[in-house]
Number of protein chains: 2
Amino acid sequence: MPTAVQATLKSRKSPVQARSTATVEAIFEATVQVLLQSGPERLTTIRVAARAGVSVGTLYQYYPNKQALLFAVLSRHLRLVVEALERACEEHQYRPVGEMIEGVVNAFVDAKLARQDISLALYRIAAGLGADALGADMRKRSTQALTALLRTASEISPSQAEFAAFMLWTTMAGATRAMLESGSPAGMVRRLRQHLVIMGRSYLMSPEIANRTT
Amino acid sequence: MPTAVQATLKSRKSPVQARSTATVEAIFEATVQVLLQSGPERLTTIRVAARAGVSVGTLYQYYPNKQALLFAVLSRHLRLVVEALERACEEHQYRPVGEMIEGVVNAFVDAKLARQDISLALYRIAAGLGADALGADMRKRSTQALTALLRTASEISPSQAEFAAFMLWTTMAGATRAMLESGSPAGMVRRLRQHLVIMGRSYLMSPEIANRTT
DNA sequence: ACCTGAACACCGTTCAAGT
DNA sequence: ACCTGAACACCGTTCAAGT
């Protein structure tokens with residue numbers, strides 16, 4: 001179920017000719033480039049259009065407003081991260097909790113770091129309403145995948161799986177964000193991975209979360 | 001050492017007469033009101049000035065630009081949260097780790113929830129550059145207070161205190177933010193407190209963080 | 001010392017006119 | 001079917017003129 005905001009921010013018309021498909025892609029790429037080179041403050045519709053080699057009018061034929069441009073970029077980025085997480089969840093089902101956490105943490109951190117520059121630029125924009133709804137969607141998908149994973153862990157009480165998934169996700173997301181925003185020096189990445197694993201594992205194996213009947 | 005950004009966003013002139021002190025406060029309060037009632041998108045300088053009962057020109061006499069308005073609000077809010085955290089850290093020195101975590105988590109969640117509406121509105125604005133620098137400052141102060149606290153815990157290896165403080169802070173901040181953004185239903189607040197305590201405690205008492213020589 | 005508000009620059013968005 | 005770009009509305013910011 002797409003939210004109202006998402007509907008508003010979707011592409012205005014679907015391109016039917018090859019020419020316009022190329023135009024849409026050019027505008028999307030131009031948005032990424034302007035975002036990374038000029039920053040969100042100087043990202044104007046005219047600048048994006050110019051970079052894409054079209055006029056403003058053309059831009060507005062495919063994206064209903066400026067927010068939609070950033071929404072498109074944010075959307076793809078978040079989707080890639082969530083999909084990486086979902087894959088990791090699939091792959092680590094029925095494994096020991098320690099392995100699960102390690103697999104999930106590494107997948108998440110890798111995905112965020114893969115486009116570190118985009119991640120950072122996008123953190124500054126979450127402002128727009130679209131981002132709020134989108135972030136909520138992604139959190140939902142992420143916690144669902146994690147819940148499903150935790151349900152296959154023999155060590156964990158099933159009734160705790162859902163909330164534990166929420167805690168794991170916000171921990172990974174929060175810590176990775178803080179690290180990126182503080183410049184993410186090389187050594188810190190390694191340490192962050194380690195400590196996220198330690199924290200997640202010890203949390204899940206704590207008497208309150210772990211399955212007492214097993 | 002104040003950052004360049006902060007210098008730019010500080011009040012432009014200090015009021016010397018009683019009249020202007022009142023004006024500055026009126027503008028500040030007007031900013032909070034417009035932010036909460038109209039949202040960040042509709043917060044215009046003219047609207048804030050009108051709400052404060054002054055002209056735009058007057059507003060710009062005390063705040064160098066629109067960002068400075070939001071910066072002032074964000075700044076006070078974050079300061080209150082950090083100070084609450086610092087107080088909790090002071091008060092729980094040399095206690096068992098379980099009590100430390102409980103005290104710190106409750107202080108943090110209480111402070112964020114005390115002005116829940118402002119917290120939420122401000123999350124949407126962190127966009128502005130000022131917020132980035134300010135957020136970094138607050139993270140620094142918070143982790144320093146937490147580091148000092150953890151150094152007084154007999155159970156914890158001193159060499160791990162600093163990074164552990166970073167992990168604790170991002171976990172609390174991330175989880176609280178996610179909860180607020182997802183509407184923070186009544187029951188969830190209680191559960192979040194519990195799980196933050198469980199997570200923090202089990203992390204700090206894990207063999208990797210705990211002092212093996214004690 | 002403080003305040004006013006018209007004027008300016010710039011940006012998001014539209015739409016009549018083109019190919 | 002797609003593109004153009006001048007025109008419009010609106011907002012942030014300034015500054016000469018007021019008290």
Side-chain angles (χ1 to χ4, degrees), chain A residues 5 8-31 34-35 37-73 125 127-131, chain B residues 5 8-31 34-35 37-73 125 127-131:
Chain A
V5 172
T8 315
L9 296 177
K10 276 249 170 71
S11 293
R12 167 166 285 176
K13 61 187 287 187
S14 2
V16 293
Q17 292 186 1
R19 173 170 49 149
S20 66
T21 313
T23 303
V24 173
E25 272 165 30
I27 296 173
F28 182 93
E29 285 309 322
T31 306
V34 173
L35 180 64
Q37 284 173 25
S38 309
E41 314 83 17
R42 276 183 235 155
L43 187 146
T44 70
T45 50
I46 291 183
R47 212 184 293 257
V48 170
R51 168 66 64 113
V54 297
S55 76
V56 228
T58 300
L59 185 156
Y60 277 92
Q61 215 163 34
Y62 298 103
Y63 295 89
N65 48 52
K66 182 184 168 179
Q67 258 190 51
L69 291 173
L70 297 168
F71 184 86
V73 176
I125 309 175
L129 290 186
Chain B
V5 172
T8 315
L9 296 176
K10 275 248 170 69
S11 294
R12 166 167 287 177
K13 61 187 285 187
S14 2
V16 292
Q17 292 184 1
R19 175 169 47 152
S20 66
T21 314
T23 302
V24 173
E25 273 165 30
I27 295 173
F28 182 91
E29 285 309 321
T31 306
V34 172
L35 180 64
Q37 284 173 26
S38 308
E41 312 84 16
R42 277 183 234 155
L43 188 145
T44 69
T45 51
I46 291 183
R47 211 184 294 257
V48 169
R51 169 64 65 113
V54 297
S55 75
V56 229
T58 300
L59 186 155
Y60 276 92
Q61 215 162 33
Y62 298 103
Y63 294 89
N65 50 51
K66 182 185 170 180
Q67 256 191 55
L69 291 173
L70 298 168
F71 184 86
V73 176
I125 308 175
L129 290 187

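Chain letters run A, B, ... following the sequence lines, proteins first and then strands; every chain starts at 1.
Taking the side chain as every heavy atom from C-beta outward, B:Pro40 and B:Leu35 approach each other to under 4.5 Å. Side-chain contact between A:Ile27 and A:Thr23 is present, with at least one heavy-atom pair separated by less than 4.5 Å.
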Which atom pairs link the protein and nucleotides 9-12 of chain D when you take only N or O atoms and keep those under 3.5 Å?
| residue | atom | partner | partner atom | Å |
| --- | --- | --- | --- | --- |
| D:dG12 | OP1 | B:Lys66 | NZ | 2.9 |
| D:dG12 | OP2 | B:Thr45 | N | 2.9 |
| D:dG12 | OP2 | B:Thr45 | OG1 | 3.2 |

- Pairs under 3.5 Å (Watson-Crick or G-U), crossing ones as [ ], inter-strand ones as |: DNA chain D comes out as ||.|||||...|||||.||

- Message: Run B:Leu69 and B:Leu59 through side chain to side chain contact (heavy atoms under 4.5 Å, CB included) and show every step you take.
- Response: CA-CA 9 Å; B:Leu69 291 173; B:Leu59 186 155; 4.2 Å; yes

- Query: Given B:Leu43 and B:Lys66, is the side chain to side chain contact (heavy atoms under 4.5 Å, CB included) satisfied, shown in steps?
  - Reply: CA-CA 9 Å; B:Leu43 188 145; B:Lys66 182 185 170 180; 3.9 Å; yes

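Comparing A:Thr58 and B:Leu59 against DNA chain C, the residue whose closest nucleotide sits nearer the 5' end is B:Leu59.
Out of D:dG5, D:dC2, C:dG5, the shortest distance to the side chain of A:Val56 is found at D:dG5. In the set D:dC3, D:dT14, C:dC2, the nucleotide with an atom closest to the side chain of A:Ser55 is D:dC3.
To the nearest 0.5 Å, the span separating OG1 on B:Thr45 from OH on B:Tyr63 amounts to 13.5 Å. Rounding to the nearest 0.5 angstrom, the gap separating the CZ atom in A:Phe71 from the OG1 atom in A:Thr31 is 13.5 Å.
Taking both residues in full, the closest heavy atoms of A:Arg47 and A:Val34 are given as CD-CG1, 4.0 Å, listed atom of the first, atom of the second, then distance.
Within the nucleic acid shown, A:Val54 comes within 4.0 Å of sugar-phosphate atoms alone, with no base atom in reach, counting heavy atoms only.
A donor-acceptor contact closer than 3.5 angstrom links the side chains of B:Gln37 and B:Arg51.
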